[in-house]
Amino acid sequence: MKTALPVERAPSALRRNALWSALLLLVVALLVMLVWLAGLYEANQVQSRLERDVAEAESDIRAAFMRNAQGLQALQYSDPTPNSWTMDAATFLREHREIVRVEWRDNALKPLAQVDTPFRTPVFDHVGRAALQSEVMLACANARRVGGPAYAGSYFVPLSDGLGFEAMEFCLPLQKGGKVSGYLIATYMLQEVLNGLLARQITRNYEVSFTEGDGTRLALSGSGRSGSRVFTARHLMDLPGTTLVLRMDSWRAAPDLFPNVLTALVTAMSIALVSVVTLLGKDMRRRFKAEKELADVLAFRKAMEDSLVTGLRARDLQGYTTYVNPAFCQMVGFTVDELLGHSAPAPYWPPESGEENRQHQLNHQPGQVPPREGYESIYMRKDGSRFPVLVIEAPLINAQGVQTGWMSALLDISEQRRVEELSRAGQERLQATARLATVGEMASLLSHELNQPLAAISGYAAGSLNLLRDGPQGAVEFGAELTLAMQRIAEQAERAGKVIKSVHDYVRRRDQVREAVAPQALLDAILPLVHLQARQLLVRVQTEIEPGVPPVLCDRTMVEQVLLNLARNAMQAMDFPHILERSLTIRVRVPKGQGAGKKWLEFSVADLGEGIAPEVQQQLFNPFFTTKAEGMGLGLSLCRTVVEQHGGALEFAANLPQGTVFIFTLPASSVA
Ligand code: ADP
């Protein structure tokens with residue numbers, strides 16, 4: 001994984017469509033072929049069954065003919081007389097519908113006896129038996145030639161009702177003493193041969209007929225047409241003296257959509273196949289859509305990563321860098337290839353903070369969630385320059401919910417640092433200016449305060465000069481007074497010096513360092529200045545420090561300024577003619593109910609002034625908000641900034657029964 005995930009290009013839509021069309025065509029062709037083959041197979045099955053059945057039917061008829069010949073032969077066994085023969089023959093005919101007439105003739109073919117079938121009116125009455133003599137002769141000629149029973153070709157026998165039937169003569173030569181003594185002639189009715197000698201099964205299922213060689217039908221039996229497709233099978237029936245063609249037609253509904261189980265099976269499978277292909281097609285379409293959406297999401301993600309100014313870096317659990325975004329490369333000045341695959345130490349770790357960075361890396365154990373605020377570190381650009389970064393880490397979880405590494409967001413905070421430094425310097429300058437402004441405001445008080453010692457000094461000096469006017473003896477005489485005057489001058493000069501020093505101390509710019517300071521020391525530093533104003537405004541100043549309070553950990557100059565600002569505001573709030581009792585109380589104590597951890601000290605500055613009107617309360621801490629003619633409105637805003645920088649809070653409340661109390665907290669130093 002570099003700056004982008006590799007997205008496999010999908011084949012062009014045209015090519016994909018062509019492939020799909022080819023697949024569909026192939027499937028359709030295959031299915032059509034399958035159905036056609038199944039139909040062909042089934043037709044072959046029907047045809048071969050038909051062939052088998054026609055062969056069986058032919059052998060059935062042939063066997064029946066054979067049995068009939070034997071039956072006829074049997075009529076002669078007991079040397080019958082024409083009369084007895086006639087009775088036997090009549091019995092025989094009753095059992096054989098297919099034979100319409102049996103004749104016994106002598107060896108010159110003269111009739112000796114004949115019997116007609118009892119099932120119909122004698123068939124030869126209409127044409128006369130004599131007219132058919134040639135057929136009989138032909139059959140018997142055949143019989144003589146082959147030396148056994150023989151047949152003659154079929155012929156049409158017209159009937160009196162205009163119809164007729166196809167008949168075939170059978171001649172059985174009768175032997176006596178090795179010579180032909182006569183003939184038995186049987187006339188077969190071909191129609192009845194088909195009706196009577198074939199199995200019911202055959203005539204029910206097929207149309208069976210005797211035909212001539214050219215296809216002319218001679219007799220027909222069986223079911224009628226019941227379909228559009230015909231299967232035909234022919235079989236030659238070679239009889240002595242003649243040949244018949246037995247033809248069988250099977251009528252089938254064709255094309256039959258489901259001719260048999262196989263075709264149905266193939267069709268069902270085809271439908272299933274088409275359904276599967278359709279479903280697959282749908283699935284593919286969904287997949288293409290998902291792929292396209294994924295590609296869009298990836299492109300969106302890449303655009304987002306590329307436009308980020310935050311550096312992103314991913315590491316696997318072994319610490320090898322697996323991903324960096326362009327912002328990170330720009331930040332450190334290395335290329336993607338120079339960064340990927342590196343484990344500790346990374347090329348952007350400066351040698352001096354390599355160990356610290358390694359510790360940060362080792363501290364992260366899989367399953368732990370690192371702090372959201374991150375940690376700060378120093379990184380090194382390729383040119384060797386250092387810059388501060390804020391590193392925020394989060395576990396990298398894959399789609400299966402398993403952690404595969406760490407993702408870090410890195411912010412170059414050098415600009416932030418520069419702005420912080422500028423703001424700190426600005427804040428410091430503002431504090432110094434505010435201090436100077438305070439002193440400026442207090443200039444008249446100062447001159448007044450200095451006036452007294454200076455006047456006293458000048459008075460003592462004038463008195464001393466008077467004593468000395470009389471020369472050295474005066475000095476000797478008033479030595480004691482002069483010494484006292486000099487002491488007073490020195491005391492007053494020292495007092496004036498103290499006033500000047502307190503102002504100097506306050507104004508002097510000191511380093512901003514947090515140190516442990518005793519609360520008493522803080523008050524001592526500002527009280528001379530507070531007293532200056534208190535004397536002018538006739539305010540009584542009280543300080544109450546709870547015994548045993550620990551020192552505060554603070555920037556001394558700043559906290560002094562806070563205390564002085566609050567004290568001055570308090571005194572100014574009581575500067576009204578109607579307020580007679582003017583008292584300023586500064587208290588320091590340890591608030592009750594603190595836990596075992598960090599301890600806090602509470603400072604409060606209370607006055608007996610007018611209090612703060614509700615509309616003023618809302619804007620109290622806004623910079624430049626003031627109700628005073630010569631006020632700057634910076635005091636409280638600065639106080640709050642300073643207190644909050646120390647981690648404390650500045651609040652105010654009504655001071656019962658009258659006035660206001662400002663309360664702020666500062667951390668106690670652990671070195672109590
Ligand atoms: P400034 O003193 O220059 O006006 P501050 O920020 O110190 O600026 O005070 C803002 C305003 O808050 C004051 O003008 C005053 O109206 C009000 N204020 C501050 N302290 C008190 C107090 N102890 N009692 C009543 N009003 C006060």
Side-chain angles (χ1 to χ4, degrees), residues 309-310 331 350 352-353 356 373-381 383-392 410-443 500-517 521-522 525-526 529 551-569 601 603 619-626 628 630-650 662 664-667 669:
V309 289
T310 310
M331 206 181 275
E352 66 274 14
S353 56
E356 179 199 340
E373 65 269 18
Y375 62 89
E376 286 183 18
S377 183
I378 302 289
Y379 278 7
M380 182 175 71
R381 297 195 185 89
D383 61 10
S385 56
R386 316 298 205 249
F387 65 100
V389 280
L390 176 67
V391 186
I392 301 165
L410 301 109
L411 282 174
D412 181 347
I413 51 173
S414 25
E415 182 60 16
Q416 188 184 330
R417 279 285 157 80
R418 198 177 66 79
V419 172
E420 273 174 14
E421 181 55 34
L422 274 181
S423 127
R424 198 186 56 76
Q427 187 84 18
E428 234 173 75
R429 266 200 300 282
L430 195 64
Q431 304 270 358
T433 315
R435 275 199 297 274
L436 283 174
T438 314
V439 173
E441 278 174 39
M442 292 165 69
I500 298 291
K501 186 171 179 298
S502 71
V503 175
H504 177 77
D505 276 355
Y506 178 69
V507 177
R508 187 167 54 97
R509 194 174 159 162
R510 280 172 283 190
D511 286 341
Q512 283 197 338
V513 279
R514 300 267 162 101
E515 52 189 327
V517 191
L522 290 171
I526 58 147
L529 296 174
V552 275
L553 185 65
C554 67
D555 181 334
R556 180 179 187 148
T557 324
M558 301 262 207
V559 175
E560 282 170 10
Q561 190 164 355
V562 170
L563 279 169
L564 184 62
N565 271 342
L566 295 179
R568 289 187 58 227
N569 276 349
L601 252 66
F603 290 72
Q619 314 177 59
L620 208 59
F621 293 104
N622 290 354
F624 304 111
F625 171 78
T626 180
K628 299 168 197 164
E630 73 288 2
M632 276 176 52
L634 280 175
L636 285 181
S637 127
L638 275 173
C639 289
R640 184 148 85 169
T641 315
V642 168
V643 171
E644 285 175 358
Q645 275 173 359
H646 284 80
L650 170 63
F662 277 83
F664 65 91
T665 49
L666 288 177
S669 161

Pair Glu415 + Arg418, salt bridge at N-O below 4.0 Å | yes

Look only at the side chain of Thr665 and the backbone of Ala649, and say whether a donor-acceptor pair between them is shorter than 3.5 Å.
-> yes

With distance as the sole test, does Arg556 use its side chain to make a donor-acceptor pair with the main-chain N or O of Cys554 at under 3.5 Å?
-> no

Kindly determine whether Val552 and Val559 satisfy side-chain contact (heavy atoms from CB on, under 4.5 Å), including the steps that lead there.
-> CA-CA 10 Å; Val552 275; Val559 175; 5.9 Å; no

Kindly indicate whether the side chain of [X], heavy atoms from C-beta on, has any atom under 4.5 Å from the side chain of [Y].
| X | Y | result |
| --- | --- | --- |
| Val562 | Phe603 | no |
| Val642 | Phe664 | no |
| Leu390 | Gln416 | no |
| Arg568 | Ile526 | no |

Leu411/Val309 under side-chain contact (heavy atoms from CB on, under 4.5 Å): CA gap, chis, key distance, verdict | CA-CA 8 Å; Leu411 282 174; Val309 289; 5.8 Å; no

Report the residues that fulfil side chain to side chain donor-acceptor pair (under 3.5 Å) with Glu515, sequence neighbours left out, ordered by chain and then residue number.
-> none

Of all residues at least two apart in sequence or in a different chain, which pass the side chain to side chain donor-acceptor pair (under 3.5 Å) check with Glu644?
-> none

Set of residues satisfying salt bridge (charged side-chain N to carboxylate O under 4.0 Å, His left out) with respect to Arg417, sequence neighbours excluded | Glu376, Glu420

Nearest heavy-atom neighbours spanning Leu620 and Phe625 = CA-CD2, 4.1 Å

